[in-house]
Number of protein chains: 6
Amino acid sequence: MHRNIETFIGCDNNYEESKIVVFGAPFDSTTSFRPGTRFASKTMRSESFGIETYSPYQNKDLEDINVFDGGDLELCFGSANKSLEQIEQFTSNIIEDNKIPCMIGGEHLVTLGSVKGVLKKYPDLHIIHFDAHADLRDDYLGEKLSHATVMRRVWDLVGDKKIFQFGIRSGEKEEFLWAKDHVTTNKFDFAGLNEAVEYLKGKPVYFSIDLDVLDPSVFPGTGTPEAGGVTFKELLKAIINVSQLNIVGCDINELSPIYDQSGTSTATACKILRELLLSIY
Amino acid sequence: MHRNIETFIGCDNNYEESKIVVFGAPFDSTTSFRPGTRFASKTMRSESFGIETYSPYQNKDLEDINVFDGGDLELCFGSANKSLEQIEQFTSNIIEDNKIPCMIGGEHLVTLGSVKGVLKKYPDLHIIHFDAHADLRDDYLGEKLSHATVMRRVWDLVGDKKIFQFGIRSGEKEEFLWAKDHVTTNKFDFAGLNEAVEYLKGKPVYFSIDLDVLDPSVFPGTGTPEAGGVTFKELLKAIINVSQLNIVGCDINELSPIYDQSGTSTATACKILRELLLSIY
Amino acid sequence: MHRNIETFIGCDNNYEESKIVVFGAPFDSTTSFRPGTRFASKTMRSESFGIETYSPYQNKDLEDINVFDGGDLELCFGSANKSLEQIEQFTSNIIEDNKIPCMIGGEHLVTLGSVKGVLKKYPDLHIIHFDAHADLRDDYLGEKLSHATVMRRVWDLVGDKKIFQFGIRSGEKEEFLWAKDHVTTNKFDFAGLNEAVEYLKGKPVYFSIDLDVLDPSVFPGTGTPEAGGVTFKELLKAIINVSQLNIVGCDINELSPIYDQSGTSTATACKILRELLLSIY
Amino acid sequence: MHRNIETFIGCDNNYEESKIVVFGAPFDSTTSFRPGTRFASKTMRSESFGIETYSPYQNKDLEDINVFDGGDLELCFGSANKSLEQIEQFTSNIIEDNKIPCMIGGEHLVTLGSVKGVLKKYPDLHIIHFDAHADLRDDYLGEKLSHATVMRRVWDLVGDKKIFQFGIRSGEKEEFLWAKDHVTTNKFDFAGLNEAVEYLKGKPVYFSIDLDVLDPSVFPGTGTPEAGGVTFKELLKAIINVSQLNIVGCDINELSPIYDQSGTSTATACKILRELLLSIY
Amino acid sequence: MHRNIETFIGCDNNYEESKIVVFGAPFDSTTSFRPGTRFASKTMRSESFGIETYSPYQNKDLEDINVFDGGDLELCFGSANKSLEQIEQFTSNIIEDNKIPCMIGGEHLVTLGSVKGVLKKYPDLHIIHFDAHADLRDDYLGEKLSHATVMRRVWDLVGDKKIFQFGIRSGEKEEFLWAKDHVTTNKFDFAGLNEAVEYLKGKPVYFSIDLDVLDPSVFPGTGTPEAGGVTFKELLKAIINVSQLNIVGCDINELSPIYDQSGTSTATACKILRELLLSIY
Amino acid sequence: MHRNIETFIGCDNNYEESKIVVFGAPFDSTTSFRPGTRFASKTMRSESFGIETYSPYQNKDLEDINVFDGGDLELCFGSANKSLEQIEQFTSNIIEDNKIPCMIGGEHLVTLGSVKGVLKKYPDLHIIHFDAHADLRDDYLGEKLSHATVMRRVWDLVGDKKIFQFGIRSGEKEEFLWAKDHVTTNKFDFAGLNEAVEYLKGKPVYFSIDLDVLDPSVFPGTGTPEAGGVTFKELLKAIINVSQLNIVGCDINELSPIYDQSGTSTATACKILRELLLSIY
């Protein structure tokens, strides 16, 4: 008899033969408003069987590509430092094996760990960041490591003009002011994406998707819903656009199943992950 | 004192004087993912009193037309065969009385029973099918009768080029391949509807609406939500377009009130049923 | 040690220095379908800390303007007359102090109390009314004071051609017929708003927003969700458009947190209130 | 074809042949805390089919007795006076036909209407009242008609020493003080019930059950849950005890399905109604 | 890197070394009232990590015993026959390997498959059955295979005086009458359990626990909640009592996570499974 | 006009005149299973108006005693150290003013901060601890500061034989073993409480109530529900028993409103806080 193996739908290949490694980073300790993203990866694995492996958008099938699902990291709630180190180490191992890490958060802070792991091999790393929130504060209530500061911490590592933000529609006045000199912030939608993609061709790119870039009507199940977001079709088109670049690492974050009573946010997150995997493969 | 009669709003006419007969088919035994469509018809009757009988879209009023609400069939959970026979018989009776059956599912499999009942009188029956899912598998885990096979079973009865699908955005690769030779599948939206309506003029048409053709933001309360669907206004326009045809039977399916915590899906289903009744009358 | 003061985010100024006074009118006794709007103001205060004080849409910040939050009126459930009198008196006091009342309902009937309070000082008051429902019945089950009659009661006070409705997509046939001779009813959306704004320039305007003008996908948490509404972006644009007028009083109504399981409706209501306050200041 | 008749399970007899008449009074306009009891009767009818007609406790079956379900009164939300008059008239009609009215509330205020209707024929009416709350205030925020004053209003009609309360564990200090001279208040549980039953033998008794007398663990679905209540078995025993008296009218109140997410409160209310009907028949 | 293996907490042993085999039978197609037990086993595995492996009641630890978790069977929704055959085959394999099958339902009908698998090796099988419902109908709406008939079907196999029921408090009058001659039905609670255990010593026993034997206050998350059940402590004591017998197979059924919004039913089911495993080991 | 002051019901006295100071510690970053206790204090303030200020159990009234509600501390999510320091400082200030701090958690870890603040003045502090869980681990996934280690950390401060635990029914085997030599652990219920109270007379006592000591049927709204707990009446009696001691500080913890869909847990927590305040005053 076989043990009970649970993977995201269609991601049941061996590690060795796989080009992409999916894993969960169930951490939300710095979430200041509504928690619950810790449950995202587990819930997505379970609910992914409500969608198909085949994409009629890209005419590709998860059955035809090789993806390994490594399960969830066991992270220590209450300790951001330890958790980020674990994520960095795990991501680094994947990168060293010449595979692409694809992390399922967790709150957005987990991106910092993953970016660190990728950066070692790709020092010229650029970031494409889809989000409703700028995440550019220098600290949050005195704390440097927070979901609200994650892109500022990434900037500490990669420097000016390496981060390209899209869909941003919330932040402190100071964040928007600071951004003007240091990152490329596209407000509200994906205008400017074509230019960014053109510019980034050939460069190593980390692709971070905070799912609250979607409108709350499409994606209610998140900690800080922010009206006025993009539609699913707009996001799908943007993902396929970005995926022509050299994506060396990626993540999707901020699904909070606690606030997804109908399950549509989880189903949508699963579909986005499927399309992301198919497009970057 | 009077007994407590419950009908869909404005559908309180006598059977004899009515041109349309609404009834519920509360069955969801083959639903493989998330159940609950069994509760749709009962919940819709109750919640229909949150909308008006008058449509400002069509400038028509349910008070001015004659519709009979026959309540729900008492179907046997766990037995698809028996349930489909009951639906077929009930539909057949309505057809023989020269009325139009308008069934509220239930999972989509119930359409098979209704189509059978209509087909006896209208052997040249054509099908217009709005759905997110192709429903064209030949079997599901070895079972021929399933929500995932229903349009394939309908095809068994009506044959090639009689089924016109719209809004389809999910299925196995094989379903899309098979469809090319046997049915007309319009992916994602209602492009192609005008041509289909033109072609079908004068022919007897069965009109089956799986409500998950709507985007999950509009209609979260369904078993298998599939991102990227149509808006309410697009669906409304398409329904009015189709209703100029000779509709001899129709159904709306796949509302699962269990997953409709806010009640908006039920309210939307009620509004769609009102518009459908007003437009085919 | 300080007492625990709770305000809507960024509305922590003194009464004397403030130009706008926010207050809650937690009343829903005449709600005939699904209750719960009594909880709106309290819930919005609490959840407002999930959004920022800064608007990237208007490049303005609640921190830079002066708004006082007076908390909730203690209204008597079950007595519409007494409650409306309390609201009228409170609003009147604000008006006499040359400030703008901005009321958070409650069911829409509360608008009648507020309009009465404003009307004393501004006898030439005009009304801009965003809503899914016409609210123009003369009575509801024999009762003159009801959420379904509120605009008819306002008309009793202001007379013909003073009320401009937008987004209306539900009502009895009679309401639409009556409206033609007495009010300006724009069905479905904001077409006609530019003309209305042009016409109303220089006139004192009361601005009443029933949040169910939004599509239920955007705003599920309301008592009578009505499919086919406007998007957040459309509403935001319309609010900024209207706010160039001489707004002497305003309200937002019909958030029912009971039906807002995911919290997105409350978050959206908070964002709309922020934008409204920033634009009318 | 038959119209869709909905009754509480097993209550499908004709009016003429029935000894008991069940009806709903969906009113909750004076509810000051959490509303929703308006949905109780409708929800109970629908969910009653989850229980059986047979009681293994009493070895009796609803199939063997004659009960008529008259559906719900259409009451005017926002007007307590009108609603109470309708209830009084309806109850009075049942009494004149020598039947026992059994009302499903609604908030507890509806009891006042029913008691008035019964009192005409039974001027020596005594009251047995199961509740968590004393409901003995003279007014609530200045209003005489309120769920919180209902037993005081009943006392206005029946006078001293006619009301026997059980299970009371919440109230203002003044209510408990006032009660000492005017009604018989048994705190916390059913101690004292045997004596009351003994004393009331032969007298006409109105039996009013506020379901929040049950512990919130057993009955969470109510507007004002109050810890420390009785168990289902204790309530069942007490009901059977009381029912040996000459019950000329009765009601069960305060189920609020909005707060009964699991459905257990509704199922429990149905079972209590079944046992009540079987025991008073 | 390792694949993602999911087991019930502490049940991560190899098949070969294990004495007990846990597996899920996610089937609920004949559920006539409220579905959802299909999700029980998956949800229990996930939520089991909220309890400990150690029992302070029995001073035993899952870490110290050998249990294998075989995951879930992939059963065909809509086909009771096929599903029962799969369960029978799987159970039979476990029995042939001299292990104890411990099945997590699913609706109670799944017990029939498991009993069949066990019966081959143990023709003198006796049944201990904890439940709120008698489950002794001969058919349900004409169907022989149903959750409401499962113990009657088991009786078809094992014959008179082999089935011992406890906690039964719901059924048709006919079921209770029939039971008198064929099975031992203990109503309401565990009175009579000591005598049954004494009588059954040395005999092979199948132990089937329908979790709705618990009071709905303790276990709201089930399809047909029935007030008046046993407490957790009573059930725990009864399980330990029964487990001194020669248990050759067992199951726990009827957790429906859909109706367990707070998660307490799932947590309770996990604790009961832990205690059951520890006591029968 | 007055600012909007929100307090727990009846706790609206000035700081100076008050003997007890209530405050919230909204922190849950180390919660490893299900979060949400951060919302407890805010939700309790709001919902406390559903209970009365008068206790019929103790015949005392919050209106007659002086309690100050200082609102919530603004704690830094993600940083247990900083948060505990803030709590310690705040508690210390209260103690220095000769008042009793009564903290509303938050996860149980917050007790460590409060105990530290109290310990400065009362070095001979003893602890009475009601809980389902032992909370005696030395670390949790390597982290010393965790909800699962809090009583071990308190023991680090107060030493052997100073901690008296009641109701404990969950923990690792090692915790129970360690406890034997260092603390007094009463399993399952309040047996042994009378002896403890007798022993502790005259000594300064910190009283910490983890509300999950209650059975999940009574208190579902908590992160780690554990079946087999005490009833409300048992807890109430125990609290009144303990309160005859010299209580110099206290807290109630682990209400997670996210999992309290019906609101009964919050209402119960409010009633317990009322009784606690009345009994220790």
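Residue numbers begin at 1 in each chain, while the letters A, B, ... track the order of the sequences. The structure presented is a predicted model; accordingly, all values stated were derived computationally and were not measured.
Ring planes of A:Phe176 and C:Tyr54: tilted class, angle from 30 to 60°.
In A:Lys144, the NZ atom is crowded: over 12 heavy atoms of neighbouring residues, nucleotides or ligands sit closer than 6.0 Å.
In this structure, A:Phe188 and C:Pro56 have side chains that are in contact, with non-hydrogen atoms separated by less than 4.5 Å.
Both the backbone and the side chain of C:Tyr57 come within less than 4.5 Å of a heavy atom in chain A. Neither the backbone nor the side chain of C:Asp260 comes within contact range of chain A; no heavy atoms are under 4.5 Å apart. If you measure heavy-atom distances from C:Glu47 to chain A, the contacts under 4.5 Å come from both the backbone and the side chain. Of the two parts of A:Lys173, the backbone and the side chain both hold a non-hydrogen atom closer than 4.5 Å to a non-hydrogen atom of chain C.
Contact record, A:Ser217 with C:Ser217: CB-O, 3.1 Å, taken as the closest heavy-atom pair. A:Pro225 and C:Thr264 make their closest contact through CB-CG2, 3.7 Å (heavy atoms, listed as atom of the first residue, atom of the second, distance).
The line from CD of C:Glu52 to CD of A:Glu172 is 5.5 Å long, rounded to the nearest 0.5 Å.
Chosen from C:Gln261, C:Glu63, C:Lys233, the residue pairing most often with chain A at heavy-atom distances under 4.5 Å is C:Gln261.
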